Amino acid sequence: MHTKPKKYSVFSLIKNALSYHENWQPAWRSPDPKKEYDAIIVGGGGHGLTTAYYLAKNHGLTNIAVIEKGWIGGGNTGRNTTIIRSNYLWDQSAALYEHALKLWEGMSQELNYNVMFSQRGVMNVAHTLHDVRELKRRWHANRLNDIDCEWLNTAQVKEFCPIINTSPHIRYPVLGATLQRRAGTARHDAVAWGYARGADAMGVDIIQNCEVTNINISNGHVSGIETSKGTINSKKIGIVAAGHSSVIGSMVGIRLPLESRPLQALVSEPVKPIIDTVVMSNTIHAYVSQSDKGELVIGAGTDGYTSYSQRGGFNIVEDTISAVVELFPLFSRMKMLRHWGGIVDICPDASPIVSKTHINGLYFNCGWGTGGFKATPGSGWVFAHTIANDEPHELNAPFTINRFSSGELVDEHGAAAVAH
Amino acid sequence: MFLINCPYCGEREQVEFSCGGEAHIERPKNPSDLTDDQWADYLFMRKNIKGVQFERWNHINGCRRWFNVARNTATDEILKVYNIGESAPSISGNNPTTPSGEPVIGSGNLSSSFEKK
Amino acid sequence: MSKKISFTFDGKKYFGKENHSLAEALLDNGIFLLGRSFKYHRPRGLISAGSEEANAIVQLETGNITQPNVRATEITLYEGLKAKSQNHWPTLNLDIGSINDFLSRFFPAGFYYKTFMWPPKFWEKYEYFIRRAAGLGESPTEDDPDKYEHFHYHCDVLIVGGGISGLYAAELAAKANLKVLVLEQYPKLGGEINNQGKVSANKFRESDQNIIYQNIFSKLEKFDNVKIVTSTTVFAYMHNNYLLASQKTNNTKIREIIWKIRTKKVVLATGSIERPLTFHNNDRPGIMLSHSARKYANKGIDLGKNIIVFTNNDYAYEAAIDFKLINNENKVTVIDIRNNSKGDLIKEAKSIGIKILFNHIVTNTRGRKRINSIFVHKIDNETNKIIDNYGKISCDILCVSGGWSPTVHLFTQSRGKLIFRESDATFIPNESFQNEISVGACNGTYALEEILEEIDNKMSNLLSSFKIDIKNNNHPSLNKIKKIFYDKMKHLWIIPSNINFKKTKMFVDFQNDVTAKDIQLALKEGYRSIEHVKRYTTTGMATDQGKTSNINALGIISKLTDTPIHKLGTTTFRLPYTPVTFGALAGRHVKEFFDVERTTPMHQWHLDNNAKFEDVGQWKRAWYYPINNENMHQAVNREVKATRKGIGILDASTLGKIDIKGRDANEFLNRVYTNSWSKLGIGKCRYGLMLGDDGMVIDDGVTSRLGENHYVMTTTTGNAASVMSKLEDWLQTEWPELKVFLTSVTEQFATISINGPFATNLMQKLCVNFDFSYENFPHMSFKNIEIGGVNCRVMRISFTGEKCYEINIPSSYAQSLWSKCFEIGKDFNITPYGTEAMHVLRAEKGFVIVGQETDGSVTPVDLDMSWIVSKKKYDFIGKRALYRSDTVREDRKQLVGILTKDPNIVLEEGAQLVEEVSKPPMKMIGHITSSYHSPNLGRSIALALVKEGLKKKGKTIYAPMPTKTIEVEICDPVFIDPLNERLSA
């Protein structure tokens, strides 16, 4: 059995330094799977690990396993541009993402793992009158939902981010922006590792390199999973497989309203601090921030077709870079260092599904599209609640799979256009 | 950026085309007889296959004609192009070797593709 | 004698030679200390002579042409070059940050995850300092004055790499009359040949190489089907043999060119990269890869007289031999990890007086800013444990060689499958996914005779699809090549040390300061996957992308976890191969070419008349036309008033226009619009609302019936293209039985909209003989009228509520008719109005704008437009979805008018509405979709979507704004002329 992990602090760092770091414990164990668990989470990304963490912490379910096909945090958790914000238009989304943002604000201390959540603000830039109208609508909705949000006119945009090109003579001039100061970025890998460490400490088994090959069902109720490491039984199974949700769904004949698409991102070579906030523009399709290491982190849009190949068209990258150079002409001589692709599962209304299914004990958490990272803690929180109680939490009640039948969609396309 | 062999124009860059999603989903002839669930099934639910998927493409920046394509979504290989109205062909080749759909070669997940010599 | 070129490094002036790289010029001036490392600020010098360089990166130039993180090995010297070392303060020689080196024990891998958490809100403050300590060079702060181009190229065979392998493959393809492109990343062809000097280190091998190279090269020059381009790096290998390359030009007009190559076949001849060895203090200036040092020495650069070569293989002896042959007075010592080697080179080395210490290792080095000595120990060949202390040897440089890593980056980007070869511990290409071959060193083939044979065989297969037989094409000199015997290498991923491993600094990733110990720590802490190790330690994530470090990291993990390397796999080889300039990737798609600007035929008139423009999609639409010093508000008020009192004229050319023809055109409209089209008479117009199959409004517009089977549809400006596509989709895929043909005529016709009580008067003057009486030409009908000799279609429809004629005229005549209208409209105070006034005018009438009153979640019923939704039609797109449990709810948000209690307050569009004001959070019941000052009513008006709004007309609700709460009343959305009397007056 495991022992309670030793606390990380500057003192433990110094103490371990003096013993040449020979005495650190593993952040999490690498156990073999047990025969049976009270709950199994399929998918060891951020959302899966937070689900396990909150199942243990909030609901006392500690005999649980996280099953991961590859290595934890290796999917979209480790591939995204780490933008965290909660300035969503609709009440349902705003409530969910704001809950997540509040969890972000205490995450490093909660986990005793520095996830480097940096509240440097996120600016959503308007370039057309239509953008202004939609962003102001969101601004006012955020205000009344008690979510911090400000409107900046062009001069204020320039003041907040001096390197942005606010010339009125560019193709799509900056007409203003919303600013959420509490929003920002975090160290993506650390989120997965921190939650894994926290979950492990409470007894959760994190099982990597274990591929789910089937889901066992008897009498309309799940009974367990088949994996590359054998059969593992459980009466509750939560699927948090992001881009591969439909692949898992097909094992039990469930079709989901999802398309898995390539999403690309890239970083520049590292430079000294040059941009101190996150800038997002839906209209010209650029978003950029700077990592603590100094790399400009740049996201592109999705390709318009299904693909699990983790690669998109390079034309998308070119368009994104053009947009970045248009908005930040000084970056023209910077260089792209590394480019990669991920697979995002997108719902028709750009909102997630956190839901029970018609199979008892089987739950799905998917459809976060291009914007799941920011929701990581909130998603786990409400999904854990759903699994533990077999009922959705009030925050994810609007995000059931039934909304596609009733028509009660939470359409975030309207104001967000691209819901990063 | 892969190539698509438009049946009307020949091989062109993917950027000239737009994808219309899964093929062979027929709009129901009797919508009013369907339940909300059945309508949602037609409208929203998708197989979203990893592996050989039959899908609709439009040569939107060319002849603007629609046609069907059989494509391995794990590798982006196009296996066949066929006309709208034709039924889905049977396709084999570079099939997924694992339940999660990783094919033998050509997918983005390279971690499984090393061997000792 | 070559020309002297002056340049500066850290502000000091030096002279260099023509065709030298900056790295060579610096070495030539005796400068070995070139930069500081990322984390510990350790002094660093060149490790290599190529694109794999991890240490020698500089800030090139200043001002608007500055560029951070440039590898000194990749810049050819030019007159006046200015370079600056990076990542130090205050100077390269005296860097305060190097205190980190002494405190390095406190900064192990991932230390930042464990600290900076207290006090809780302080992270941003810690981060401020961490960010300033991190980063390497500095971003430019000014606009880039340079231009970049994209260049598309199609060929039969693309050959990546201009060394012997690449050029020989090129020769074979060229002989077969194929269109061949050869791209070489360096300014000079020849690859490894360039490491050799005038003296022949290896009599057999290199003279053969040189002869063959000269032979191939002289032949290649004669083929005009071969294009050879240097200074061009292929950085990406995408789907279907689509490769991207970036070319550095000498052209002053275009700085870099991105080549976009689509080729039938690819030959990868990208060579290999030498590996460093992992030992204590292996990072000092003056420690270099053996073949890089050899290249520098052969270029005549003085690296010192006392040279140590530390190796685990035979190839490093090529360097050792060269050092001796360059100057017989050089003292060359080889420290060989192996217990022996029977290789031919070793015999040669011995014969010229090179000292060889087998079974020995370098355990430590000295010399802070340049290496000055090493410590050597003897190891047991079986256990690899240190068994004896050889002692200290002083030296000027230390050349290291851990063997070779084939450059398989492009191969894996092509999605080919690698295989691990135990004998030299390398990953080599195994199974191709695309139409490509790897040859020579990048395929793990190093001996010349084997390379040539491999190319003969592989090329013959590759080109067989061209029906070309290149067999029996063996190079004539092939049988003359003397075979050289290379003995086996020995892999010690961590060189044993006489001091405790936990106290060592054995660098794996030089730039990111990742040591073997850091990798051990990561493993100890449970970060076991190679990807976790990479991310936790940041090994392989520096600007060199792990070209020298990845394999060593793998080897170390393999050793520490006792797992075979082939079971670990590798991290993904991500594009680009070497970093690519953003400006080059953007190409010409910046500034005025960032996006297409669509303008109407009357655009010049708008410009001449001081119009302000609004971007609507790609269109530039006239927004308003201020006169003299008018502000927007004044201009719009004037335009709105003039339209209701006299004549307003609008350029409506941007509306989408689709010509619909065919036997089933009528049935088609019945299916795509909510209302019925069966009874629309020829010559009549009808408004239609288009839904998606989810029941939500996606477009609206007026369609006119031109003939029995002929209609023309108008769409909104922004949706013209998507509506056209959707209609084609339905026709081609869902309803192929319908005979309907669609043609977009948006740009073929311009639309001039003439509005106002005197509109008819103007029309009458334009077309003197036409009968404009209401009886002859009623609202919602059109006429074909000849105006000024041009056939026009004039529609009597209205988006303002005024009498209105929309003249559709072939685009090329539009500007002249537009001007003509002003000429004859003078008497009626004809006033051009822009989109803003148009919005006010339509809002006064309660007309919706799709995309403003709707957002993809609004049904026709929500817009209180049930009248347009046919109950009789069996089906239309969107019908079923209108009957879902959520869409039939009666308490949905519905379109209403809003009047502020204070008529002077104009609400902000997007303002949210509440029934009860409280502290946030407040329950919102809707939002303002449109809001304007109406000069005709002398007060503000607004439209809104409000929950159960239709039932709440007359009720007071609130718009809580940041500084005040505005009281408003829900009302009917039609503010002017509810009975439509103005249309016929």
Side-chain angles (χ1 to χ4, degrees), chain A residues 8-10 13-14 17 20-22 24 26-28 71 74 108-109 113-114 116 118-119 128-129 133 136-137 140-141 143-146 171-172 189-190 269-274 292-294 314 318 321-322 325-326 329-340 406-408 411 413-414, chain C residues 67-69 105-106 108 111-117 120 127 130-131 134-141 143-144 238 502 521 524-526 529 531-532 535 543 574-576 579-583 585-586 589-590 594-595 614-615 855-857 884-887 909-912 920-922 924 927:
Chain A
Y8 292 157
S9 70
V10 68
L13 193 67
I14 291 168
Y20 295 95
H21 304 288
E22 300 260 287
W24 291 108
W28 58 86
W71 38 284
S108 293
Q109 289 70 36
Y113 201 102
N114 190 353
M116 304 180 201
S118 168
Q119 294 182 289
T128 65
L129 297 176
R133 201 178 298 124
K136 283 192 170 176
R137 177 185 175 192
H140 293 307
R143 268 196 315 111
L144 299 195
N145 269 325
D146 205 17
R171 181 66 182 86
Y172 294 105
D189 294 324
E269 294 183 334
V271 286
K272 296 289 175 195
I274 182 75
D292 286 346
K293 202 178 169 217
F314 201 74
E318 288 170 7
I321 300 272
S322 296
V325 173
E326 178 77 359
L330 75 169
F331 289 156
S332 174
R333 295 175 93 87
M334 294 280 287
K335 286 179 166 183
M336 171 169 83
L337 171 62
R338 196 164 59 237
H339 159 277
W340 64 93
S406 70
E408 202 176 358
D411 198 338
H413 284 305
Chain C
Q67 204 192 338
N69 309 336
R105 216 203 277 187
F106 300 99
F111 73 97
Y112 29 78
Y113 299 126
K114 294 172 179 152
T115 181
F116 305 124
M117 289 180 282
E127 187 185 40
I130 289 172
R131 286 186 66 196
L136 290 167
E138 279 167 13
S139 163
T141 52
D143 283 14
D144 187 350
M238 313 285 283
K502 65 191 183 188
L521 176 64
K524 190 186 283 289
E525 293 198 80
S529 148
E531 286 283 355
H532 282 157
R535 287 153 184 262
T543 62
R574 303 209 177 279
L575 69 87
V580 186
T581 310
F582 281 174
L585 291 169
H589 299 280
V590 287
F594 177 66
D595 194 17
E614 173 190 4
D615 287 307
D855 59 5
S857 70
R884 294 177 298 173
S885 64
D886 189 64
T887 32
E909 287 173 352
Q912 297 286 333
M922 277 180 249
M924 290 166 263
H927 76 283

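These numbers come from the heavy atoms of this one structure, side chains and all, not from hydrogens, waters or symmetry mates. Chain identifiers are assigned alphabetically (A, B, ...) following the order of the sequence lines, protein sequences preceding nucleic acid strands; residue numbering begins at 1 within each chain. The model shown is predicted, which means the values in this text are computed figures rather than measured ones.
Side-chain contact check for C:Gln67 versus A:Lys335: some heavy-atom pair is nearer than 4.5 Å. No side-chain heavy atom of C:Leu136 sits under 4.5 Å from any side-chain heavy atom of A:Glu269. Using a 4.5 Å heavy-atom cutoff, the side chains of C:Leu585 and A:Met336 are in contact. Side-chain contact between C:Phe106 and A:Ile14 is present, with at least one heavy-atom pair separated by less than 4.5 Å.
In terms of heavy-atom pairs under 4.5 angstrom with chain A, the leader among C:Met922, C:Met117, C:Arg884, C:Arg574 is C:Met117. In terms of non-hydrogen atom pairs under 4.5 Å with chain A, the most contact-rich of C:Arg535, C:His589, C:Met238, C:Met924 is C:Arg535. With chain A as the partner, the residue from C:Thr887, C:Ile130, C:Val580 showing the most heavy-atom pairs under 4.5 Å is C:Val580. The residue among C:Pro68, C:Gly856, C:Pro120 with the most heavy atom pairs within less than 4.5 Å of chain A is C:Pro120.
A donor-acceptor pair under 3.5 Å links the side-chain atoms of A:Arg171 to the main chain of C:Asp595, judged by distance alone. For C:Asn69 (side chain) and A:Val271 (main-chain N/O), no donor-acceptor pair under 3.5 Å exists by modelled atom type. Remark: side-chain polar atoms of C:Glu614 are not paired, donor with acceptor, to backbone N or O of A:Thr128 under 3.5 angstrom.
For the pair A:Ser332 and C:Asp144, the tightest heavy-atom approach, listed with the atom from each and the gap, is OG-OD2, 2.6 Å. Closest heavy-atom contact between C:Ser885 and A:Ser406: OG-CB, 3.3 Å. For A:Tyr8 against C:Tyr113, the heavy-atom pair with the smallest separation is CD1-O, 4.3 Å. Minimum heavy-atom separation, C:Ala134 to A:Lys272: O-NZ, 2.8 Å.
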Start with the C-alpha distance between A:Glu22 and C:Lys502, add both sets of side-chain angles, then the distance that settles side chain to side chain contact (heavy atoms under 4.5 Å, CB included), and finish with yes or no. CA-CA 8 Å; A:Glu22 300 260 287; C:Lys502 65 191 183 188; 3.7 Å; yes
Side chain to side chain contact (heavy atoms under 4.5 Å, CB included) between C:Leu575 and A:Phe314, worked out: CA-CA 11 Å; C:Leu575 69 87; A:Phe314 201 74; 3.9 Å; yes
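Ring geometry for A:Trp28 versus C:His532: interplanar angle over 60°, hence perpendicular rather than tilted (30 to 60°).
Interface remark: A:Asp189 contributes side-chain atoms only to the contact with chain C (heavy atom separation under 4.5 Å). The part of C:Leu521 that comes within reach of chain A is its side chain, from C-beta onward, which places non-hydrogen atoms under 4.5 angstrom from that chain. Heavy atoms of C:His927 lying under 4.5 Å from chain A belong exclusively to its side chain. With a threshold of 4.5 angstrom between heavy atoms, C:Glu127 approaches chain A through side-chain atoms but not through N, CA, C or O. Within the 4.5 angstrom heavy-atom criterion, atoms from both the backbone and the side chain of C:Thr141 approach chain A.
Atoms CG and CG, on C:Asp143 and A:Leu330 in that order, are 7.5 Å from each other to the nearest 0.5 Å. The line from CD of C:Gln912 to CG of A:Leu144 is 6.0 Å long, rounded to the nearest 0.5 Å. With values rounded to the nearest 0.5 angstrom, C:Phe111 atom CZ is found 10.0 Å from A:Asn114 atom CG. Atom CZ of A:Arg338 and atom OG1 of C:Thr543 lie 10.5 Å apart (nearest 0.5 Å). Put simply, CD on C:Glu138 and CE on A:Met334 are 11.0 Å apart, with the number rounded to the nearest 0.5 Å. From C:Glu909, atom CD reaches atom NZ of A:Lys136 across 9.0 Å, with rounding to the nearest 0.5 Å.
With sequence neighbours excluded, the residues forming a salt bridge (charged side-chain N to carboxylate O under 4.0 Å, His left out) with C:Lys114 are C:Glu525, listed by chain and number. Applying the salt bridge (charged side-chain N to carboxylate O under 4.0 Å, His left out) criterion to C:Asp886, with sequence neighbours excluded, gives C:Arg889, C:Arg892.
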